[in-house]
Amino acid sequence: MFSTKRTILSDSSLFRRLGAATAAMLWIVFTTVFAACSFTVAAEVPGGNPQIQGGNIRIDFDNHLRSRVVACFNKKETVLGPFTASETVTTADKLWTGFLLTSQTHEHTKDRFGEGERLTVEGKAATLTKRVSVTIYNDFPAMAFFDVHYTNTGTSKLVIQSWTNNAYTVNAQRGAGTPAFWSYQSGSYEKRPNWVLPLYANFRQENYQGMNASDYGGGTPIVDVWRRDVGIAVGHVEPRPKLVSLPVSMPDAADAKIAVRFTKAISLDPGESFHTFRTFVAVHRGDYFRALVDYRRFMMMKQGFQMATAPDAAFGAIWCAWGYGRSVQPKQVYDTLPTAKRLGFTWVTLDDGWQNNVGDWALDPKKFSHGDADMKALVDRIHQEGFKAQLWWSPLSAVPDSQLLRDHPDYELLNRDGSKRKVSWWNSYYLCPADHSVVEYHKALVKKILVDWGFDGLKLDGQDMNGVPACYNRAHHHAQPEDSVEALPDFFRAIYETAQATKPGALVEFCPCGTGYSFFTMPHFNMSVASDPESSFQVRSKAKTLKALMGDNVPFFGDHVELSDGGNDFASTVGVGGVVGTQFVLPSLVTKHGKSDLTPEREKEFEKWLRIYREKMLPRGQYLGQLYDIGFDVPETHVIRKDRTMYYAFFAKQWKGSVGLRGLEDRNYSVVDYVTGKSLGMVSGRNAHLPIEFTGNLLVEVQPR
């Protein structure tokens with residue numbers, strides 16, 4: 001919860017101090033500046049409806065404390081939708097929507113989040129009083145932060161069942177085609193849907209940040225809906241995960257809806273109050289990238305989040321033994337190393353299948369008959385061939401018959417009824433991340449992997465890592481069941497810090513198996529991943545999302561190329577500045593053949609793309625996600641700037657026509673297809689256009705002359 005100390009200055013006191021004539025003159029100045037939609041201080045209309053304005057956003061209230069959002073860009077106002085009951089609560093028999101305005105105050109403020117302007121409005125509905133403080137900070141002119149406070153002014157207890165903040169209806173742009181809206185959805189679901197998708201009539205997704213299946217949950221508390229001209233995002237900026245919902249819907253062809261909602265019984269005695277979480281609404285042009293960047297900036301600048309640092313080695317191409325499956329044998333790894341080396345891979349990942357079980361994490365005696373000595377010998381051989389070695393591992397789960405749970409049944413995360421919570425994918429049980437002994441057990445495993453066995457990095461894997469259920473295990477003495485939810489980032493911080501203390505520069509890859517990623521764990525790993533993508537579009541859209549939320553210094557791994565469209569789409573990883581990788585197998589070492597087989601034709605493709613990847617090394621560049629709209633711009637376009645050279649990646653099933661090369665300076669450039677080496681001519685100026693034709697993709701290098 002969040003509360004702020006305020007200084008209140010009423011309208012009447014202001015006018016008494018200034019005098020009527022002076023106040024009238026100030027009012028003329030204020031209204032003139034408001035017309036330009038660029039002034040950061042919101043003028044207060046005597047007797048009128050409240051409003052507050054920043055550089056790019058204005059919030060208007062009516063006299064029942066319903067509000068609307070107005071975007072202000074290039075001195076143009078865009079009203080996103082009608083006045084709605086944006087901040088509400090529900091009780092057993094009522095949805096409280098209308099609160100008659102009783103007071104409004106403006107003030108210049110300076111608090112721990114920065115300097116800016118604050119509007120505070122109060123309203124009353126029967127026995128409930130609502131106070132809404134809206135703050136726009138100078139450093140974040142497109143975001144408005146909401147602190148909402150309710151007080152029971154009646155004579156009997158009032159039980160609040162849920163609250164909603166920043167609930168808005170967004171009107172479709174006049175004359176918009178189909179789709180009218182695109183969206184970013186941050187919930188985590190077992191079906192692993194696209195994070196970025198167009199909306200359609202009757203669409204609804206709850207984006208609950210808790211568990212949406214037995215072992216699928218968590219997420220980043222921001223959602224976004226945008227039109228061709230402008231977009232809107234809502235979320236919360238609490239420093240811990242909260243079990244909120246961020247519902248996005250499109251009830252009809254003309255409107256979309258967006259909100260932040262929290263469901264939990266809150267009992268208010270007479271005179272008692274409560275605060276909602278600190279929430280926000282943001283506006284932007286283009287797609288959702290800008291809103292996610294602003295969210296990251298706020299969380300880093302004002303809430304103390306700091307992304308991890310990746311070692312130089314993290315940008316090397318990855319070969320993973322997962323193509324051989326869980327039945328992988330050490331000999332298959334040994335025999336594949338020369339080919340992986342010849343092709344130019346620099347990391348070797350030993351994936352699932354090395355362990356005796358999930359939980360104990362001892363070596364499988366059938367594969368490593370001499371125990372630790374055999375594993376160390378394998379890692380030594382990987383190093384001798386010039387590779388870095390990474391080990392797959394899935395923390396926070398243990399199979400029922402593991403020695404760990406026989407010895408420590410108190411480690412388990414328990415449901416409300418005392419039952420064990422199942423991680424369905426591993427057929428195991430959750431361990432509680434808030435339990436100190438569980439944390440210490442995992443820290444000891446990190447040391448064993450990196451020191452005793454000699455690995456250089458960890459591949460943390462599992463959809464259950466992204467979110468955990470509330471824990472009711474009395475042995476853990478939680479202050480509240482949600483302690484497990486809020487402790488999950490601390491658990492991964494312990495793993496990351498142990499890895500870095502044990503082996504400085506260790507690579508910690510985080511792969512939450514298709515779930516939506518939790519922003520709160522992002523500071524505690526130094527490689528993100530496309531995480532079992534189900535299409536090339538997921539590779540690209542996940543890259544855009546993760547680069548917005550994490551920045552350019554943490555490498556994005558496009559995952560195994562076999563998971564892309566056709567099983568061979570390196571372009572989708574290279575074009576977005578991702579690290580390339582594969583799970584290829586040597587056909588002579590397997591009995592069952594498939595898309596992972598390294599045929600002579602595939603080997604030639606691998607050689608070509610690994611050469612391109614090494615030569616361009618685009619993960620070292622800056623991803624310019626604000627230049628193109630991933631939804632409305634056709635063809636889909638991504639841009640990397642590296643030094644003074646621009647790299648454009650175009651994607652479409654078929655394309656023939658002119659494309660704009662955004663982000664260039666007013667000078668001449670040469671354009672080359674850097675996959676084929678073919679010259680595409682010269683372009684000039686900030687509004688350069690290039691006629692192109694391609695199938696699937698086209699990657700071009702634009703160099704200043």
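All values below were derived from every heavy atom in this structure, side-chain atoms included, with hydrogens, water molecules and symmetry-related copies excluded.
- Between the side chains of Arg641 and Tyr647, not a single donor N or O lies within less than 3.5 Å of an accepting N or O.
- At most 12 non-hydrogen atoms from other residues, nucleotides or ligands lie less than 6.0 angstrom from CH2 of Trp425.
- In the model, Gln622 has no side-chain atom that pairs as donor or acceptor with a side-chain atom of Asp552 under 3.5 Å.
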Please output the side-chain donor-acceptor pairs of residues 589-596 that fall under 3.5 Å, not counting sequence neighbours, one pair per line with the distance.
residue	atom	partner	partner atom	Å
His593	ND1	Asp597	OD2	2.8
Lys595	NZ	Glu562	O	3.0
Ser596	OG	Gln583	NE2	3.1

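- Remark: aromatic rings of Phe520 and Phe492 are distant, center separation not under 6.0 Å.
- For Lys447, the NZ atom counts as loosely surrounded, since its 6.0 Å shell holds 12 or fewer non-hydrogen atoms of other residues, nucleotides or ligands.
- In terms of modelled atom types and a separation under 3.5 Å, the side chain of Gln500 and the main chain of Gly505 share a donor-acceptor contact.
- Taking the six-membered ring where tryptophan is involved, the planes of Phe557 and His560 are perpendicular, since the angle between them exceeds 60° and thus also 30°.
- Taking the six-membered ring where tryptophan is involved, the planes of Tyr295 and Phe519 are perpendicular, since the angle between them exceeds 60° and thus also 30°.
- Taking the six-membered ring for Trp and the full ring otherwise, Trp354 and Trp393 have centroids separated by 6.0 Å or more.
- Residue Asp452 qualifies as enclosed at atom CG: its count of foreign heavy atoms under 6.0 Å is above 12.
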Side-chain atoms of residues 305-319: list all donor-acceptor pairs with protein atoms under 3.5 Å, sequence neighbours left out, distances to 0.1 Å.
residue	atom	partner	partner atom	Å
Asp312	OD1	Arg620	NH2	3.4
Trp319	NE1	Phe584	O	2.8

(message) I'd like to know whether Ser186 forms a side-chain contact (heavy atoms from CB on, under 4.5 Å) with Leu246, so could you lay out the CA-CA distance, the side-chain angles of the two residues, the decisive distance to 0.1 Å, and finally the verdict.
(response) CA-CA 8 Å; Ser186 63; Leu246 298 138; 4.1 Å; yes
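- At distances below 3.5 Å, at least one donor-acceptor pair connects side-chain atoms of Ser536 with backbone N or O atoms of Asp565.
- Ring geometry for Phe525 versus Tyr517: interplanar angle of 30 to 60°, hence tilted.
- With hydrogens and angles ignored, the 3.5 Å screen pairs a side-chain donor or acceptor of Thr676 with a backbone N or O of Lys678.
- Counting heavy atoms from C-beta on, the side chains of Thr545 and Val196 come closer than 4.5 Å.
- Heavy atoms of other residues, nucleotides or ligands lying less than 6.0 angstrom from NZ of Lys616 number more than 12.
- Applying the side chain to side chain donor-acceptor pair (under 3.5 Å) test to pairs two or more places apart or on separate chains, those with a residue in residues 630-640 are Arg540-Glu636, Tyr623-His638, Asp633-Arg662, Glu636-His638.
- For Thr515 (side chain) and Pro512 (main-chain N/O), a donor-acceptor pair under 3.5 Å exists by modelled atom type.
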